[in-house]
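A short worksheet on the structure shown next.
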Amino acid sequence: MISLTRRVPDLDATREFYRQFGLQETSPGTFATTVGGEQLFLLAGEIPQVVEIHIGVDAATDLDQVAARLKAFGVAAERAATSLKAVEPVSGVAVRLSVAPRLPKDPPPSAPSSVERTELVRRGPLVPLRLGHVVLGCTDVERAKGFFIEGIGMRLSDYVIGGPFMRFETDHHNIVLLPAPMTLLHHTAWKVRNVDEVGYGGSQMIENHPERHAWGLGRHGASANYFWYLKDPAGAFAEYYYSEMDDLADGPYFWDPVPGTDDLPVAVWASPALEERPLIPEAMRAPLLAANEQ
Ligand SMILES: [Fe+2]
């Protein structure tokens with residue numbers, strides 16, 4: 001289980017975006033999914049900021065192990081009886097681990113079960129199943145990767161466009177670091193029940209809001225996720241995703257990198273993007289251009 005706390009400049013508009021995205025607002029700024037429970041916490045702030053990533057662990061003994069690993073890695077951790085908190089030194093993002101029950105298994109994908117075609121017509125609102133991954137722009141991905149892999153104990157699945165894709169268990173990735181000239185939230189990704197829901201969610205979000213459209217519908221190469229990315233009012237992207245490959249992942253080694261597959265494309269297919277580099281958050285564009293000119 002993973003959850004995220006963010007600060008955003010326009011809290012009301014960002015809350016409205018995530019309500020329309022399908023998250024359930026349980027109290028102002030707190031958003032829940034159907035399987036994952038409360039997984040997004042929005043706070044007001046002058047600039048967009050990632051405050052904390054929260055990760056559930058099985059037992060206090062896991063916290064002991066992480067505390068020892070972090071100490072060996074040279075990062076101090078605050079330890080309480082059922083939780084542990086440490087600050088990732090590159091981004092300054094707090095990472096909190098606490099003992100929490102495992103999420104139930106995702107429900108099986110919903111597919112039409114008969115030739116009754118009206119089943120395809122959506123009659124209720126779309127509510128994502130759970131937050132699957134958080135992607136951070138980071139100024140030193142190798143050092144930050146050490147914190148998550150050597151310190152927290154995550155596993156490396158793949159590198160894509162210079163970023164380590166890391167996981168806790170059977171998802172292809174739960175935390176990704178992308179090289180960037182500053183720390184920022186690149187995107188959060190929310191699992192839905194099938195590719196129809198990716199398409200349904202994306203198309204209903206851009207209806208009357210073409211400015212929200214970033215990239216989709218498409219399918220990623222490494223994770224095999226179908227995707228559709230939308231821009232939120234705080235400058236990050238929100239992704240609907242689904243992959244039937246997740247249902248094939250039967251153990252912790254499923255996604256370990258396969259030699260010779262390090263050139264997997266970001267997308268194996270996708271509709272043309274509206275902009276040349278659709279997944280560069282606006283906050284990153286000027287610094288990136290400046291860096292490229294040096
Ligand atoms: Fe993603």
Side-chain angles (χ1 to χ4, degrees), residues 1-4 6 17-18 21-23 31 33 35-36 39-40 48 50 53 55 91 93 106 126 128-138 141 144-145 148 154-180 183-195 197-199 201-202 205-206 212-232 234-246 249 255 257 264-271 273 275 277-281 283-284:
M1 194 282 288
I2 187 167
S3 64
L4 176 71
R6 301 171 58 186
F17 176 94
Y18 283 99
F21 190 80
L23 303 185
F31 292 87
T33 54
V35 170
Q39 294 192 285
L40 177 64
V50 182
I53 294 174
I55 300 160
S91 63
V93 171
D106 294 335
L126 171 64
L129 296 172
R130 62 184 169 86
L131 173 60
H133 56 268
V134 173
V135 179
L136 301 177
C138 175
V141 295
K145 181 186 94 173
F148 286 107
M154 297 186 75
R155 294 187 72 90
L156 179 68
S157 296
D158 280 298
Y159 266 89
V160 182
I161 52 171
F165 282 53
M166 301 170 290
R167 69 185 190 280
F168 299 114
E169 36 181 44
T170 56
D171 282 1
H172 177 269
H173 51 281
N174 303 107
I175 294 179
V176 174
L177 305 168
L178 293 179
T183 298
L184 51 78
L185 176 65
H186 186 280
H187 73 269
T188 53
W190 303 84
K191 187 170 184 182
V192 293
R193 293 184 306 165
N194 54 34
V195 67
E197 288 198 349
V198 178
M205 282 298 282
I206 64 173
R212 288 175 174 168
H213 180 59
W215 197 27
L217 181 67
R219 189 163 202 184
H220 283 308
S223 62
N225 290 340
Y226 295 101
F227 64 81
W228 195 323
Y229 292 87
L230 292 313
K231 274 186 248 187
D232 82 13
F237 301 105
E239 176 189 7
Y240 291 112
Y241 81 94
Y242 168 76
S243 173
E244 71 284 82
M245 295 287 281
D246 287 349
W255 294 111
L264 288 166
V266 177
V268 288
W269 58 262
S271 66
E275 298 172 48
R277 300 167 89 181
L279 285 185
I280 307 290
M284 245 172 86

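Both ligands and their constituent atoms are indexed starting at 1 by order of listing. Side chains are part of it too, since the values below use all heavy atoms of this structure and drop only hydrogens, waters and symmetry mates.
Residue side and main chain included, His220 places no N/O/S atom under 2.8 Å of the Fe ion (ligand 1). The Fe ion (ligand 1) has His133 among its coordinating residues (N/O/S atom, backbone or side chain, under 2.8 Å).
Between Arg6 and Asp232 there is a salt bridge, with a side-chain nitrogen of the basic residue lying less than 4.0 Å from a carboxylate oxygen of the acidic one.
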For this session: Kindly determine whether Tyr240 and Phe21 satisfy ring pair (Phe, Tyr, Trp, His ring centres under 6.0 Å), including the steps that lead there.
Result: CA-CA 9 Å; Tyr240 291 112; Phe21 190 80; 4.0 Å; yes
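Checked by atom type, the side-chain pair Trp228/His213 shows a donor-acceptor distance below 3.5 Å.
A donor-acceptor contact shorter than 3.5 Å is absent between the side chain of Ser3 and the backbone of Leu40.
Taking the Fe ion (ligand 1) as the corner point, the angle from Glu239 atom OE1 to His187 atom NE2 is about 90° (rounded to 10 degrees).
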